[in-house]
Amino acid sequence: MKERAESMDIAVVGAGYVGLTTGVALAYLGHRVTCIDVDTAKIETLRQGRCPIYETGLQELLELVRHRLEFTDSYSPIRQARIVFIAVGTPGLPDGSPDLSQLEKAAWAIGMHLGEDFTVVVNKSTVPIGSGNWVEALIREAYRSRNGRSADGQFAVASKPEFLREGSALRDTLYPDRVVVGAEHPEALKTLYTLYRPILEQTFPAPAFLPRPEGLGAIPFVATDLASAELIKYAANAFLALKISFINEIAALAEKVGADITQVARGIGLDGRIGTRFLQAGIGWGGSCFGKDTAALLATAREYGLTMPIVEAARQVNYRQRERVVERLLEELKILKGKTIGLLGLAFKPHTDDLRDAPSLDIAKRLMARGAWVRAHDPVALDRARRERPELQLQYCERAEDVFDGADAVMLVTEWPQYRNLPWEELAGKMRVPLIFDGRNFLDPERLARAGFRHLRIGVGSPTLTTA
Ligand code: NAD
């Protein structure tokens, strides 16, 4: 399947975390990329050369490849594109199934603008199994309605599930663990292999600010059918979600029996069959994917008359964790009404400003429902929180230090690296009670003890007692 690297015209429909990262990365590999989005404010920001999301290295790479990138709210560039990526949102509906309305509109628009040359339409949105066929039918129907003839042989739909993690989206795109492509049309498979070859073989020069990980070899290419590619995405997210929930379930027992979950996780993770990653006990997962994708997997199973008790339990354990930390704080403080609680971190994880399904917001709501005053800091997500969640009556602090002023407790929710080195001695003196709840087992216990903090951790039975 050897092909010469060539520059292609590519359109990406949806310029969010996935679409924009994909577009910028492909432009970096030398392709001419047009990012299409219905959000005109986002398009305007991008046209001005500004990245609308916080993602490590994305602004820098955007500037570097600006000459090969276009941003528009018009679908007409699809006509020239050899490959069209779909990267629109598929948020969850109340019954757990994904809302496919963005996908439906995008597929229809692609059909209405399909050009005369063979086009590969690649779905990167996370979609229920069978959506590839549905997208194909929509494109076909739209094409017929516009052109009065069939689009036979003019396009093929493929699936390229996205595994990037927010916070390291570019790194994961340029240096992935694997590339999975679901394609039943040989020309589609060949085109995508050609497109991804520089990544598979790691032949592109690494950007100075995103060096290639040492020792990275050839990237495995998994070529499969559409349904398997779609299921791979859901199964991968469900497995990662349940790994975290598993360690959190063990952490609850560790707290009771006086064990230390960090030692337990290391002890089991060093078994090569288990692995140490995704075994950090804490407040649990959040973000735009695990919650909605596990719910969507359950909804798909239901459609086929199946239950998935393991996935169901992973979700229950995860969402219960948000209540457990509030209960533990209540046990500690006895009364939350009128108390001031500081939160360190709002984003669902560090290095992103994404607040979708963020545990911080859930925890803040639960604390406020019990009468506490909540103030919060985040290095990059404050503006987004003010903009997207105006109903939350949170007090936002521009400096992490301000969260501690007169607080009865501070909870670390997001493990931003800068929180590790706060001036702890000084901060202990600013609080009414020097109590810190480390929801990610991230801070240095000895340092906090020296500073006079009472330090609660997840899955660690007896908190470090201090002389304060
Ligand atoms: P996002 O909400 O950040 O971006 C989606 C974009 O699509 C938005 O800018 C929206 O305006 C645009 N859009 C919606 N309808 C459109 C249309 N008809 N035409 C053009 N643009 C349209 O979402 P995201 O986080 O990038 O996720 C996209 C998909 O990728 C989802 O299915 C998600 O599950 C999946 N995914 C996301 C991640 C992640 O970490 N964010 C990782 C893997 C997979």
Side-chain angles (χ1 to χ4, degrees), residues 11-25 34-46 51-56 58 71-78 84-93 97-113 121-128 131-132 135 138-139 142 159-173 176-177 179-180 229-230 232-238 240-241 285-297 347-349 351-358 384 388:
V12 182
V13 181
Y17 286 88
V18 169
L20 185 59
T21 306
T22 302
V24 171
T34 305
C35 293
I36 302 166
D37 204 293
V38 287
D39 182 339
T40 48
K42 192 177 273 189
I43 290 299
E44 197 39 48
T45 305
L46 285 162
C51 190
I53 51 171
Y54 179 86
E55 196 50 64
T56 311
L58 198 54
F71 299 102
T72 177
D73 59 353
S74 154
Y75 291 105
S76 42
I78 287 171
V84 180
F85 282 100
I86 303 178
V88 296
T90 48
L93 289 168
S97 64
D99 174 356
L100 298 178
S101 57
Q102 297 182 26
L103 182 69
E104 183 174 8
K105 286 194 192 104
W108 190 264
I110 292 168
M112 295 293 278
H113 293 86
V121 179
V122 190
N123 189 28
K124 258 182 171 303
S125 297
T126 302
V127 291
S131 299
V135 163
L138 285 166
I139 295 175
S159 162
K160 159 101 185 28
E162 180 58 69
F163 301 106
L164 68 75
R165 294 160 300 170
E166 284 174 27
S168 57
L170 261 184
R171 187 174 300 276
D172 295 341
T173 303
D177 288 339
V179 170
V180 175
E230 289 166 350
I232 284 169
K233 173 63 197 169
Y234 279 118
N237 271 2
L240 293 170
W285 41 264
S288 69
C289 291
F290 284 3
K292 89 169 165 66
D293 292 351
T294 48
L297 190 59
F348 84 93
K349 67 172 177 179
H351 310 291
T352 180
D353 59 351
D354 200 339
L355 293 168
R356 288 177 283 186
D357 197 16
R384 190 175 278 266
E388 291 181 359

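The analysis underlying the following values was restricted to heavy atoms, covering all of them including side chains, and did not include hydrogens, waters or symmetry mates. In each ligand, atom 1 is the first atom listed, and ligand 1 is the first ligand listed. In this text the structure is predicted, and so the values were computed from the model without any measurement.
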From the options [options], select the one whose nearest heavy atom is closest to [atom].
atom	options	answer
atom 8 (C) of ligand 1	D37, V18, L20	D37
atom 29 (C) of ligand 1	D354, I110, V88, T90	V88
atom 15 (N) of ligand 1	E104, Q102, K124	Q102

Can you tell if the side chain of [X] reaches within under 4.5 Å of the side chain of [Y], non-hydrogen atoms only?
X	Y	value
L103	I86	yes
K105	V38	no
L58	V24	yes

How far is [atom] from its nearest protein heavy atom, and which residue and atom name does that atom have?
atom	value
atom 33 (C) of ligand 1	K292 NZ, 3.9 Å
atom 4 (O) of ligand 1	G16 CA, 3.2 Å
atom 39 (C) of ligand 1	E166 OE2, 3.4 Å
atom 20 (C) of ligand 1	V13 CG1, 3.5 Å
atom 35 (C) of ligand 1	T126 OG1, 3.4 Å
atom 25 (O) of ligand 1	R356 NH2, 2.9 Å
atom 17 (C) of ligand 1	Y75 OH, 3.3 Å
atom 7 (O) of ligand 1	G14 CA, 3.4 Å

### Message
Please report whether ligand 1 has a polar contact with K105, defined as an N or O pair separated by less than 3.5 Å (distance criterion only).
### Response
no
### Task
Of the side chain and backbone of R165, name the one, both, or neither that has a heavy atom under 4.0 Å from an atom of ligand 1.
neither
### Query
Side chain, backbone, both or neither: which part of A87 has a heavy atom under 4.0 Å from ligand 1?
backbone
Can you list the atoms of ligand 1 that are under 4.0 Å from a heavy atom of [X]?
X	answer
K233	43 (C)
S125	29 (C), 30 (O), 32 (O)
Y17	3 (O), 25 (O), 26 (O), 41 (N)
L164	40 (O), 42 (C)
G89	5 (C)
D39	11 (O)
S288	39 (C), 41 (N)
K42	8 (C), 9 (O)

For the side chain of [X] and the backbone of [Y], is there at least one donor-acceptor N/O pair under 3.5 Å apart?
X	Y	value
K292	P98	no
Q102	T90	no
N237	F290	no
S125	V127	no
W108	A142	no
S131	P128	yes
K160	N123	no

### Message
Between E55 and R165, does any side-chain N to carboxylate O distance fall below 4.0 Å?
### Response
no
### Residue pair S101, D99: steps toward the side chain to side chain donor-acceptor pair (under 3.5 Å) verdict
CA-CA 6 Å; S101 57; D99 174 356; 2.7 Å; yes
### Message
Against V18, only a single residue in T126, T173, L164 fulfils side chain to side chain contact (heavy atoms under 4.5 Å, CB included); can you say which?
### Response
L164
